[in-house]
Amino acid sequence: MDKRTQYLQAMDIPLWEERNAPAHSMDISPQPPASTTTWIALQEEVAVCTKCDLNKTRTHTVFGIGNQKAQLVIIGEAPGANEDKQGIPFVGRAGMLLTSMLQSIGLHREDVFIANVLKCRPPNNRDPSLHEVELCTPYLLRQLEHIQPRLIVAVGRIAAHYLLNTQEALSRLRGKLHHYGEQSIPLWVTFHPAYLLRSPKEKARAYVDLLKIRELLEQLP
Ligand code: URA
């Protein structure tokens, strides 16, 4: 069984393939070296952040992980309990599914950058507050300025709402290209992997999003 089939099976997605379809390939070659000093300074700043009260309850800040020059940045809502313990985003069951989702389109966690709207865990996994998001967003903007991705993928309703400044239902936000921030970075919305764990029937629709994400990565400048 090839790797793609294994990953799709891990996501519980039935496999069908176009006959004589061309093999997919994607250019994910590394970009020129980044300004590492700025990046490290930003990491250090986040690590000791006390801008909001979440610093009082967190174990670790969760800066984000992956390729500093990634073409794709994945953004979730906020760290959960596992992420808070380890200081790494998407490490629980939802994180494992996110990894399989990426692998299903030929990407590895190291190819992309994974972050959240918030760098600290809200107690009891409550939703991030607007005040917390406003205080934390400058960090995300600086990360994106440094990474210069081709595409952002917002996973889940809450990340999509805060990034796009909207209250529209996820169903209406999926399936069209949005843009984020002053640099107007293309942004695609898909399901949160934690939701997909609760609603596995939606995985087929998530895979449609993933195929679109791969297509966008191939097409976008
Ligand atoms: N859910 C998120 O939105 N982010 C994480 O890092 C983990 C779970």
Side-chain angles (χ1 to χ4, degrees), residues 10-11 42-43 46-47 49 52 54-55 57-68 70 72-103 107-137 139-144 147 149 151-171 173-174 178 180 187-200 202-203 205-206 209-210 213:
M11 288 175 65
L42 180 57
Q43 262 175 327
V46 168
C49 179
C52 77
L54 294 182
N55 82 87
T57 47
R58 76 178 177 223
T59 313
H60 292 110
T61 55
V62 179
F63 181 76
I65 196 160
N67 184 342
Q68 286 177 41
L72 174 62
V73 171
I74 312 276
I75 306 181
E77 72 183 72
N82 292 310
E83 291 75 21
D84 173 69
K85 256 186 226 142
Q86 298 186 39
I88 300 171
F90 285 97
V91 288
R93 278 184 69 223
M96 282 168 64
L97 179 57
L98 179 65
T99 306
S100 297
M101 289 164 73
L102 291 171
Q103 286 170 332
L107 292 171
H108 299 277
R109 278 174 76 106
E110 314 75 69
D111 300 325
V112 305
F113 192 78
I114 305 175
N116 285 298
V117 170
L118 289 190
K119 306 282 182 242
C120 295
R121 179 191 184 210
N124 305 316
N125 295 343
R126 66 157 168 76
D127 290 350
S129 73
L130 177 61
H131 180 63
E132 289 157 358
V133 173
E134 282 173 352
L135 291 171
C136 216
T137 296
Y139 292 135
L140 184 62
L141 289 174
R142 283 162 67 190
Q143 287 178 308
L144 292 170
I147 298 170
L151 180 66
I152 294 172
V153 170
V155 293
R157 177 179 57 89
I158 297 195
H161 281 181
Y162 279 122
L163 293 172
L164 296 173
N165 194 20
T166 179
Q167 291 293 314
E168 265 202 286
L170 189 90
S171 56
L173 295 172
R174 280 183 59 243
H178 306 269
Y180 179 70
L187 184 151
W188 195 259
V189 175
T190 190
F191 299 103
H192 195 288
Y195 170 77
L196 294 174
L197 289 172
R198 294 191 301 272
S199 310
E202 299 285 27
K203 285 182 185 175
R205 290 208 279 165
D209 289 343
L210 287 163
I213 289 163

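Just follow the structure's listing: the first ligand is 1, and inside any ligand the first atom is 1.
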I'd like to know if the side chain of [X] and the backbone of [Y] have a donor-acceptor N/O pair within less than 3.5 Å.
X      : Y      : result
His108 : Gln103 : no
Gln143 : Phe63  : yes
Asn165 : Tyr162 : no

For this session: Evaluate the side-chain proximity of Leu72 to Asp111: yes if any heavy-atom separation is below 4.5 Å, no if none is.
Result: no

Exercise. What is the nearest protein non-hydrogen atom to atom 1 (N) of ligand 1, stated with its residue, atom name and distance?
Worked result: His192 NE2, 3.2 Å

Seminar exercise, completed: Residue, atom and distance of the protein heavy atom nearest atom 4 (N) of ligand 1 read Asn116 OD1, 2.7 Å

Exercise. Knowing that exactly one of Leu54, Thr61, Val62 qualifies, which makes a side chain to side chain contact (heavy atoms under 4.5 Å, CB included) with Arg58?
Worked result: Thr61

For this session: Looking only at distances, please establish whether an N/O atom of ligand 1 is found under 3.5 Å from an N/O atom of Ala78.
Result: yes

Exercise. Can you check whether Glu83 has an N/O within less than 3.5 Å of an N/O in ligand 1?
Worked result: no

For this session: Any atoms of ligand 1 less than 4.0 Å from a non-hydrogen atom of Pro89? List them with their elements.
Result: 6 (O)

Exercise. Should you measure from each heavy atom of Gly76, which atoms of ligand 1 turn up under 4.0 Å away?
Worked result: 3 (O)

